[in-house]
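Keep in mind the model is a prediction, meaning the values are calculated, not measured. In what follows, chains are A, B, ... by sequence order, proteins preceding strands, each numbered from 1.
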There are 2 protein chains.
Amino acid sequence: MSVFSAVAEPHRRQILDLLREGEMSAGELVERMDLSQPGVSKHLKALREAGLVAVRVHGRRRVYALEPEPLEEIVDWLEPYRMLWSSRLDRLEHHLRENP
Amino acid sequence: MSVFSAVAEPHRRQILDLLREGEMSAGELVERMDLSQPGVSKHLKALREAGLVAVRVHGRRRVYALEPEPLEEIVDWLEPYRMLWSSRLDRLEHHLRENP
DNA sequence: AGGAAATATTTCTGTACAGGCATATGGGTG
DNA sequence: CACCCATATGCCTGTACAGAAATATTTCCT
């Protein structure tokens, strides 16, 4: 599964957002989300395979940590578009400056 | 369909990439892509509904233009992650790993 | 060793959706 | 008006995948 697809699923984005607060066990994620335990587990598997999270076994807990690097692929893809629309905004600014 | 899902499909990303070169008719897009005409047309519909492209009717042609603004939602979502990995110097590591 | 806790996996069901082909629609031209 | 071109839409099939419930697995604790 591509990083793009991994991130297309709202629950998976929510998991990543939660992990931005810091490492968290699978159970803690389940508590914080409105989704069944198997559901969360399955999404965690997808995120693992996309390289977006890393697991550390701690006792019987699995502690998950954010691994944001693969997101760079999306950032890189977006880059030319950002330039596009900022140049458009520049044009708009320019236009407004000339026609107040 | 969310912007995230719209962009998750490789053919749709390809369409957007092509449109970065400038406006283009549907037929021109079909010529440039390895996908049937109906296939391209369906993806164009999805992109229209996501607000990522705009159509202009010109004779019997439909001329499509890039409308990059909705991508900002993705950029905004990514922003905290960019800060995360730049603060952790993951970005530098990544860069050094690829350019030793 | 036995049981409980934490998590993963399997199984099932429904749904979404991509792709191809055939067909409809709408505008342009003779 | 009849015909052609460009594009959209319908229909069909296969596949991927999300969610729920039940079950398996691993590890800790006593």
Side-chain angles (χ1 to χ4, degrees), chain A residues 1-19 21-67 70 73-74 77, chain B residues 1-19 21-67 70 73-74 77:
Chain A
M1 172 177 298
S2 77
V3 187
F4 287 92
S5 304
V7 154
E9 218 289 324
H11 279 136
R12 285 198 284 266
R13 285 203 300 280
Q14 191 186 356
I15 290 177
L16 296 178
D17 288 342
L18 286 169
L19 289 180
E21 299 178 10
E23 297 186 334
M24 213 170 287
S25 73
E28 215 170 330
L29 287 166
V30 172
E31 284 172 16
R32 300 260 236 132
M33 304 186 55
D34 192 21
L35 187 60
S36 69
Q37 179 267 318
V40 173
S41 186
K42 195 180 103 190
H43 284 309
L44 285 172
K45 181 178 187 176
L47 291 170
R48 254 182 284 136
E49 286 169 358
L52 285 165
V53 300
V55 214
R56 181 166 49 92
V57 180
H58 195 62
R60 40 188 164 184
R61 308 276 175 88
R62 306 289 177 105
V63 179
Y64 280 86
L66 189 61
E67 205 85 14
E73 186 183 345
I74 306 181
W77 181 77
Chain B
M1 171 174 301
S2 78
V3 187
F4 287 92
S5 305
V7 155
E9 219 287 326
H11 278 135
R12 284 198 286 266
R13 284 203 300 282
Q14 190 187 356
I15 290 177
L16 296 178
D17 288 342
L18 286 169
L19 288 180
E21 300 177 9
E23 298 187 334
M24 213 170 288
S25 72
E28 216 170 331
L29 287 166
V30 172
E31 284 171 18
R32 298 259 238 134
M33 304 185 57
D34 192 21
L35 187 60
S36 69
Q37 179 267 317
V40 173
S41 188
K42 276 182 230 171
H43 285 309
L44 285 172
K45 181 178 188 176
L47 291 170
R48 253 182 283 138
E49 285 168 1
L52 286 165
V53 300
V55 214
R56 181 166 50 89
V57 180
H58 194 64
R60 41 189 164 183
R61 307 276 174 87
R62 307 288 177 106
V63 178
Y64 281 86
L66 189 61
E67 206 86 14
E73 185 183 345
I74 306 181
W77 181 77

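The separation between A/R56 atom CZ and C/dA6 atom P is 17 Å, rounded to whole Å. Atom CG of B/L47 and atom P of D/dA8 are 12 Å apart (whole Å).
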Report, one line per pair, each donor and acceptor closer than 3.5 Å where one atom sits in a side chain of residues 6-17 of chain A; sequence neighbours left out.
from, atom 1, to, atom 2, distance (Å)
A/E9, OE1, A/H11, N, 2.7
A/E9, OE1, A/R12, N, 3.3
A/R12, NE, A/A6, O, 2.7
A/R12, NH1, A/H43, ND1, 3.2
A/R12, NH2, A/S5, O, 3.4
A/R13, NH1, A/V7, O, 2.7
A/R13, NH1, A/A8, O, 3.3
A/D17, OD1, B/W77, NE1, 3.1
A/D17, OD1, B/Y81, OH, 2.6
A/D17, OD2, B/W77, NE1, 3.4

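Interatomic distance, CG of A/L44 versus OH of A/Y64, reported as 4.5 Å (0.5 Å rounding). The CD atom of B/E67 lies 11.5 Å from the CG atom of B/L47; values are rounded to the nearest 0.5 Å.
Heavy-atom distances under 4.0 Å link DNA chain C to B/M1, B/E9, B/H11, B/R12 of residues 1-18 of chain B, given in residue order. Listed by residue number, the members of residues 30-45 of chain B with any heavy atom below 4.0 angstrom from DNA chain C are B/L35, B/S36, B/P38, B/K42, B/H43.
Among residues two or more places apart in sequence or in another chain, the salt bridge (charged side-chain N to carboxylate O under 4.0 Å, His left out) test is passed with B/E23 by B/R56. For A/S25, the side chain to side chain contact (heavy atoms under 4.5 Å, CB included) partners two or more places apart in sequence, or in a different chain, are A/E28, A/R61. Judged as a side chain to side chain donor-acceptor pair (under 3.5 Å), and not counting sequence neighbours, the contacts of B/R32 are B/E21. Partners of B/E73 according to the salt bridge (charged side-chain N to carboxylate O under 4.0 Å, His left out) rule, which considers only residues two or more places apart in sequence or in another chain, do not exist here.
The list of salt bridge (Lys or Arg N to Asp or Glu O under 4.0 Å) pairs with a residue in residues 33-51 of chain A, not counting sequence neighbours, is empty.
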Notebook entry, point to check: If the sugar-phosphate is the primed atoms plus P, OP1 and OP2 and the base is the rest, what is the B/S/- string for nucleotides 24-30 of chain D, using protein heavy atoms under 4.0 Å?
Noted result: ---BB--
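For the pair B/Y64 and D/dA8, the criterion of a side-chain N or O lying under 4.0 Å from OP1 or OP2 is met.
Of all the heavy atoms in A/V55 and A/R62, the pair that sits closest is CG1-CB, 3.7 Å. Closest approach of A/A26 to A/V40, counting heavy atoms only: O-CG1, 4.5 Å.
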